[in-house]
Amino acid sequence: MEEKQNGIVLGGVNYSESDKILNIFTLEKGIIGAKIKGVKKANAKLKFASEPFCFAEFIFSTNGQKRTVIGASLIDSFYPVRENIEKYFCAGTVVEFIKHFYKEAMVDEKEFLLAVNALKDIAYTENHLSALVKFLIDALKNFGLSLSLSGCFNCQTDINGRTFFDYKSGAFLCEECIEEGCREINGITLVALQKAEKGELEDGHQGTKKALKLLEFYIVNRAEESLNSLNELNKICL
């Protein structure tokens, strides 16, 4: 039996001398595993389809729960992410988020489209950092881990002075509403998050790098997940 699915390669492991087992996030079936044969050979026809970030229409031969890639039509390789270290770690954060937060065969069309659009913005614009900020804001919201970015969560006013963040609730608070356990942040961090949420991608904004650090802190402490690519990105963005 054969089936076609649109998917993004999240990664893979070597299997035998020339084969791989791929981890693919598909639009139709969620995350699936599939063998792809002979792709470690130099002249392999489907070598492109085994590369991380490859977005393609895959053709699988299925036998029960086992799948083998027998064909693929490339939609986008997002090649520029391989030429810039920051872009590479941004793209790596997108696929790591999916691997950490999604269970096998968990179908989510919204998250799939978020990932595709984020990879496009990361690869083909100079606003790769803020594109990642937007992806993480939207993806966390999709998992019920929304950040409250409209202003002070308690008094519902704009924050014009000192700014505080409560990772337990994802809320930002003003000085008058500060609660125990809140962490003071630079106000430009909140501004950068607000801009990214609206789709105003702007890597020149000095708060963008601070926003990525706050998002890593939030993911580690609220979701109890660690994304290695995001950690490495924050190191090189110091």
Residues which pass ring pair (Phe, Tyr, Trp, His ring centres under 6.0 Å) with Phe97, listed by chain and number, not counting sequence neighbours: Phe101, Phe135
Selection residues 62-89 - residue pairs positive for ring pair (Phe, Tyr, Trp, His ring centres under 6.0 Å), sequence neighbours left out: Phe53-Tyr88
Verify same cluster id: Val39, Val13 (apolar side-chain graph, 4.5 Å): no
Glu17 atom CD, over 12 foreign heavy atoms within 6.0 Å: no
Min side-chain heavy-atom separation Ile59-Val69 under 4.5 Å: no
Nearest-0.5 Å distance that lies between atom CD in Glu3 and atom CD1 in Ile70: 10.0 Å
Beyond-backbone contact of Ile24 with Ile31, side-chain heavy atoms, under 4.5 angstrom: no
side-chain hydrogen bond (donor to acceptor under 3.5 Å, both in side chains) between Asp166 and Ser169, worked out: CA-CA 6 Å; Asp166 178 13; Ser169 63; 3.1 Å; yes
Carboxylate-amine/guanidinium proximity below 4.0 Å for Glu28 and Lys4: no
Pair Ser229-Glu96, side-chain hydrogen bond (donor to acceptor under 3.5 Å, both in side chains): steps then yes or no: CA-CA 7 Å; Ser229 292; Glu96 267 194 74; 2.6 Å; yes
Residue from Thr93, Leu227, Leu214, Leu145 passing side chain to side chain contact (heavy atoms under 4.5 Å, CB included) with Ile219: Leu227
Single-linkage hydrophobic cluster Leu147~Ile185, side-chain heavy atoms < 4.5 angstrom: yes
Tyr102 ring center within less than 6.0 Å of Phe143 ring center: yes
Heavy atoms from other residues, nucleotides or ligands near NZ of Lys37 exceed 12 (cutoff 6.0 Å): no
Hydrophobic cluster membership, Leu74 vs Leu22, 4.5 Å side-chain cutoff: yes
Exceeds 12 heavy-atom contacts within 6.0 angstrom, atom CD of Glu109: no
Nearest-0.5 Å distance, CG of residue Leu233 to SG of residue Cys90: 4.5 Å
Within one Ile-Leu-Val-Met-Phe-Trp-Tyr cluster: Leu190 and Leu140, side-chain cutoff 4.5 Å: yes
Side-chain touch Thr208/Thr189, heavy atoms, less than 4.5 angstrom: no
Phe48 with Val95, same ILVMFWY side-chain cluster at under 4.5 Å: no
Candidate list Lys209, Lys210, Glu216, test side-chain hydrogen bond (donor to acceptor under 3.5 Å, both in side chains), partner Asn234, passing option: Glu216
SG-CG distance between Cys152 and Leu173, expressed to the nearest 0.5 angstrom: 5.0 Å
Flag side-chain contact, heavy atom, 4.5 Å: Gln5 against Lys29: yes
Minimum side-chain heavy-atom gap Glu225-Val220 below 4.5 Å: no
Over 12 non-hydrogen atoms of neighbours within 6.0 angstrom of OH in Tyr15: no
Summary of ring pair (Phe, Tyr, Trp, His ring centres under 6.0 Å) pairs that have at least one residue in residues 215-238, sequence neighbours excluded: Phe165-Tyr218, Tyr167-Phe217
Glu232 with Lys235: basic N within carboxylate O range, under 4.0 Å: yes
Verdict with supporting geometry, Asn154 and Glu176, side-chain hydrogen bond (donor to acceptor under 3.5 Å, both in side chains): CA-CA 9 Å; Asn154 284 352; Glu176 287 71 28; over 6 Å; no
Close side-chain approach of Arg82 and Glu51, heavy atoms under 4.5 Å: yes
Within 6.0 angstrom of Glu184 CD, more than 12 heavy atoms from elsewhere: yes
Separation of Ile36 CD1 from Lys47 NZ (nearest 0.5 Å): 10.0 Å
Any Val133 side-chain heavy atom under 4.5 Å of Leu212 side chain: yes
side-chain hydrogen bond (donor to acceptor under 3.5 Å, both in side chains) evaluation trace for Asn127 with Asp121: CA-CA 7 Å; Asn127 296 316; Asp121 286 335; over 6 Å; no
Pair Phe112 + Phe25: ring centers closer than 6.0 Å: yes
Heavy-atom side-chain proximity of Ser77 to Cys54 below 4.5 angstrom: no
Gap between atom CD1 of Ile98 and atom CE of Met106 - 0.5 Å precision: 11.5 Å
Gap between atom NZ of Lys40 and atom OG of Ser16 - 0.5 Å precision: 7.0 Å
Pair Thr26-Asn6, side chain to side chain contact (heavy atoms under 4.5 Å, CB included): steps then yes or no: CA-CA 5 Å; Thr26 70; Asn6 296 288; over 6 Å; no
